[in-house]
Structures are given as structure tokens and as C-alpha cells.
Amino acid sequence: MSGERVFSGFRVTGEQHIGNYLGAIKNYVALQDSYECIYCAVDVHSLTTLEDARLVGPNSLQSATVMLAAGVDPARSIIFVQSHVPEVIELAEYFAMLTPLSVLTRVPTFKEKVQQQPENVNLGLVGYPVLMAADILTYKAALVPIGIDQEPHLELTREVARKFNNHFGDTFPEPKSVHTETPLIRGLDGQAKMSKSMGNAIPIAATEEETTRLVRSAMTDPQRQRRTDPGRPEVCNVYSLHEVFTPGRTAEIHQQCTTAAIGCVDCKGILADSINETFREFRARHAELNAKPDEVRAILRDGAARARVIAQETLAEVRDRIGLMPA
Ligand code: SF4
């Protein structure tokens with residue numbers, strides 16, 4: 001254990017898929033062996049894009065249940081819901097005063113969102129990276145596991161920390177990113193990245209039957225029209241998924257595909273079995289926790305209480321540094 005603190009906020013979505021698991025959740029679990037980890041369901045962030053706010057509560061519980069089922073261990077890590085620690089909103093407001101609007105409107109994800117929801121370009125949307133900076137810096141995290149695409153956000157967090165430190169004295173560390181090796185998981189269409197909104201995903205909590213049915217619908221090599229045609233694994237997404245889920249058999253599958261010794265139906269059957277095997281333990285634990293939502297709520301309450309101790313300490317220091325009058 002290095003003693004360094006890791007912070008990460010996970011999105012509050014209705015349903016995580018196997019791409020999310022490989023891209024982030026698996027990493028969350030592994031980081032616990034080396035660091036003090038704080039994981040947060042970012043429900044306030046989700047309000048910038050969510051159409052139906054009534055889903056935020058159930059989705060927060062659902063997302064946290066997935067994290068716990070995957071192996072986030074509340075005895076070693078803090079897991080909680082963002083809005084249960086309101087100090088972060090106060091810190092975001094102080095940071096907002098230090099962040100030029102021109103910097104925020106240049107952030108690539110903001111530009112994307114403006115395109116996606118031109119009728120709802122709200123203040124929260126443009127301030128998203130400021131709230132993210134507050135999330136990370138409230139806990140003075142040294143490390144943040146992120147994908148390459150989030151690097152501009154983290155750079156903005158560092159800029160905010162530098163600016164605050166220059167104005168008010170040394171208070172915040174400049175967090176570093178931990179880039180993890182994440183395979184690109186394409187969806188069942190074989191084209192776009194796996195995503196719930198694209199409708200090309202396999203939910204990690206799907207049943208074995210659902211998984212098998214979804215895998216059966218996956219696109220393969222479009223040139224392989226008949227069972228006797230040799231296939232081209234290098235252009236087939238089913239094969240890419242085998243590389244992740246059936247790593248011990250890829251040479252054999254490659255050879256059988258290119259010689260037409262195996263058909264796509266059987267090949268997909270092997271893949272479905274591999275995915276089901278990978279997620280068997282997770283799914284059993286997920287079903288168990290799903291049946292006990294009060295247990296999950298209690299874990300999140302306890303996590304928020306522990307997170308709040310750190311947050312209150314940071315905010316007391318911040319108010320003092322800024323020079324606000326004590327209450
Ligand atoms: Fe793809 Fe497998 Fe069919 Fe080959 S046999 S084209 S790898 S699904």
C-alpha cells in the first residue's frame with residue numbers, strides 16, 4: 001500500500017455493460033490493493049444531461065451495487081454518493097470564481113455536448129470540469145484513474161489547484177492520472193465503441209441466456225456468407241472479443257476460422273460461454289446485493305460519513321485560506 005489517495009467518480013447510469021467493466025470497474029477493484037481509494041457515484045454531474053431526474057436516485061443505487069458486486073470493498077475503500085457530501089458543491093463554487101469561462105468553453109467534451117443537446121446548454125454543463133476538480137481536490141487525491149479522453153479535464157483540475165495555491169497559499173496537490181491499459185471494446189454492431197445509448201452493448205448483469213442471445217446477434221466478417229467460406233478474424237469483432245474473453249484459445253479459433261473448420265454460430269457459442277464464465281461470480285454477488293438494497297444504502301451512508309470527515313477538514317482549511325469570516 002503506497003498511502004497515496006486515489007479518487008474516481010463513476011457515472012450514474014441505468015445499466016453498466018461489459019465494456020464499462022473492462023474499461024473502469026475492473027481497474028477500481030485492482031487499485032484497492034495499492035492505494036487508499038475513494039469512489040463516488042456522481043449523481044450531481046448526471047443532472048447536466050439527464051432528462052428524467054427521477055432516475056438519478058435509483059441509478060445511483062444501481063451503479064453502486066455494480067461496483068460492490070464487482071469487488072469494491074467498503075472495508076478498504078470509501079464508496080458513497082456525491083450529493084451526500086454537499087461540501088463538494090461549496091468548493092466548486094469557490095473554484096468557479098478562479099476559472100475563466102473561455103477556458104471551460106474550449107473543453108472538447110463541452111463542445112460535444114453543445115452539439116448533442118443544443119437546447120439545453122446549461123451552466124452546470126459548462127461548469128462540469130469545475131465540479132470534477134472539486135470532487136478530486138476535496139479529498140486531496142494524488143491519483144485519478146481516467147481514460148485518455150478525460151485528460152483535458154484533469155489538466156483543468158491541476159490548473160485550478162495551481163491557481164488556488166498561488167492565490168491563497170499551498171493547499172492542494174496537483175493530481176496525476178493513472179492511465180490503464182483498456183482494450184477498445186466495440187459493440188455488437190462491430191462498429192462503434194460499446195455503449196448503452198448505441199444499443200450495441202451486453203449488460204454485465206444480463207442473464208446467461210440473454211448474453212448468449214445478444215452474442216448470437218453480433219456482426220461477424222461480412223464476407224463470410226456461407227459456412228464453407230473461410231473467415232477473416234482480423235476484421236471480425238467476435239474474434240476481438242475472444243481476444244479479451246477467451247485469450248487461451250485465440251490461436252485455435254483463428255486457425256479454425258481461416259480454414260472454415262468452425263462456423264460463426266459455434267464460434268459465438270464459445271464466446272458467450274467465455275463471457276458468462278467471466279461474469280458468473282459477479283452476477284451471483286450482484287443478484288445477492290440487489291435483493292438487499294438496504295445493505296447497499298447502509299454501505300453508502302457509512303462511506304458518505306467517512307468522506308465527509310475529509311471534506312469538512314478541507315473546506316475548513318479552504319475558507320480559512322480564502323479569508324472568509326468564521327461562523
Ligand atoms: Fe468471426 Fe468466429 Fe465467424 Fe471467424 S468464425 S468470422 S472469428 S465469428
Side-chain angles (χ1 to χ4, degrees), residues 10-26 55 58-59 61-71 182-250 252-258 260-291 293:
F10 52 93
R11 289 182 42 199
V12 173
T13 57
E15 206 171 56
Q16 275 93 346
H17 53 73
I18 61 173
N20 299 137
Y21 177 80
L22 295 163
I25 304 171
K26 195 175 168 192
L55 295 175
N59 286 357
L61 184 67
Q62 195 275 338
S63 299
T65 304
V66 167
M67 296 298 158
L68 293 167
T182 306
L184 170 69
I185 305 295
R186 283 197 302 270
L188 295 166
D189 55 4
Q191 305 291 323
K193 190 173 159 183
M194 188 174 283
S195 130
K196 189 187 164 214
S197 58
M198 296 293 290
N200 64 3
I202 302 175
I204 42 175
T207 63
E208 300 205 348
E209 294 70 28
E210 279 161 356
T211 303
T212 305
R213 185 177 52 74
L214 287 166
V215 172
R216 248 190 242 133
S217 71
M219 278 295 291
T220 61
D221 173 5
Q223 274 184 29
R224 195 171 188 205
Q225 304 284 335
R226 289 171 306 227
R227 169 67 180 79
T228 48
D229 292 340
R232 298 173 301 163
E234 58 286 358
V235 302
C236 176
N237 191 39
V238 171
Y239 184 75
S240 331
L241 291 169
H242 271 304
E243 289 182 313
V244 177
F245 291 104
T246 326
R249 292 184 63 184
T250 48
E252 172 200 341
I253 291 167
H254 191 283
Q255 194 270 338
Q256 290 181 326
C257 171
T258 51
I262 190 172
C264 293
V265 173
D266 290 339
C267 186
K268 287 175 177 179
I270 298 170
L271 178 62
D273 289 348
S274 303
I275 295 174
N276 285 333
E277 184 56 43
T278 305
F279 292 106
R280 187 156 295 138
E281 210 180 300
F282 162 83
R283 286 168 175 171
R285 175 95 182 112
H286 186 255
E288 215 177 278
L289 285 171
N290 244 349

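Count residues from 1 along the sequence. Atom set for the values below is all heavy atoms of this structure, side chains included, hydrogens, waters and symmetry mates excluded.
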### Query
Is a donor on one side and an acceptor on the other found under 3.5 Å between the side chain of Arg283 and the backbone of Ala206?
yes
### Task
Go through His17 and Ile202 one step at a time and tell me if the side chain to side chain contact (heavy atoms under 4.5 Å, CB included) criterion holds.
CA-CA 5 Å; His17 53 73; Ile202 302 175; 5.6 Å; no
### Query
Can you tell me how far the CD1 atom of Ile204 sits from the OG1 atom of Thr278, to the nearest 0.5 Å?
11.5 Å
### Summary
Here the gap from Glu234 atom CD to Thr258 atom OG1, rounded to the nearest 0.5 Å, amounts to 8.5 Å
#### Entry: Pairs meeting criterion salt bridge (charged side-chain N to carboxylate O under 4.0 Å, His left out) with involvement of residues 198-213, two or more places apart
Glu208-Arg280
## Note on the structure
CD1 of Ile18 to CD1 of Ile185, rounded to nearest 0.5 Å, is 6.5 Å
### Query
Side chain of Asp229, backbone of Ala260: donor and acceptor closer than 3.5 Å?
no
### Task
Begin with the C-alpha distance, continue with both residues' side-chain angles, and end with the deciding distance and a verdict on side chain to side chain contact (heavy atoms under 4.5 Å, CB included) for Arg11 and Gln16.
CA-CA 9 Å; Arg11 289 182 42 199; Gln16 275 93 346; over 6 Å; no
### Query
Atom CG of Leu241 and atom SG of Cys236: how far apart are they, to the nearest 0.5 Å?
8.5 Å
### Query
Hey, does the side chain of Gln225 reach the backbone of Pro222 with a donor-acceptor pair shorter than 3.5 angstrom?
yes
#### Entry: Approximate separation, where rounding is to 0.5 Å, of Cys267 SG and His242 NE2
3.5 Å
#### Entry: Short side-chain to backbone donor-acceptor contact, Asp221 and Arg232, under 3.5 Å
yes
### Query
Is the side chain of Lys268 donor-acceptor paired with the backbone N or O of Val238 at a distance under 3.5 Å, no angle test?
no
### Message
Just verifying a value: how many Å separate Ile275 CD1 and Thr212 OG1, rounded to the nearest 0.5 Å?
### Response
9.0 Å
### Query
Under the 3.5 angstrom rule, does the side chain of Ser195 hit a backbone N or O of Met198 as a donor-acceptor pair?
yes
### Query
Looking only at heavy atoms, what is the nearest atom pair of Ser274 and Phe245, with distance?
CB-O, 3.4 Å
### Task
Could you check whether the rings of His286 and Phe282 sit parallel, tilted or perpendicular, using 30° and 60° as the cut-offs?
parallel
### Task
Heavy atoms only: give me the nearest Ala272-Thr211 pair and the separation to one decimal.
O-CG2, 4.5 Å
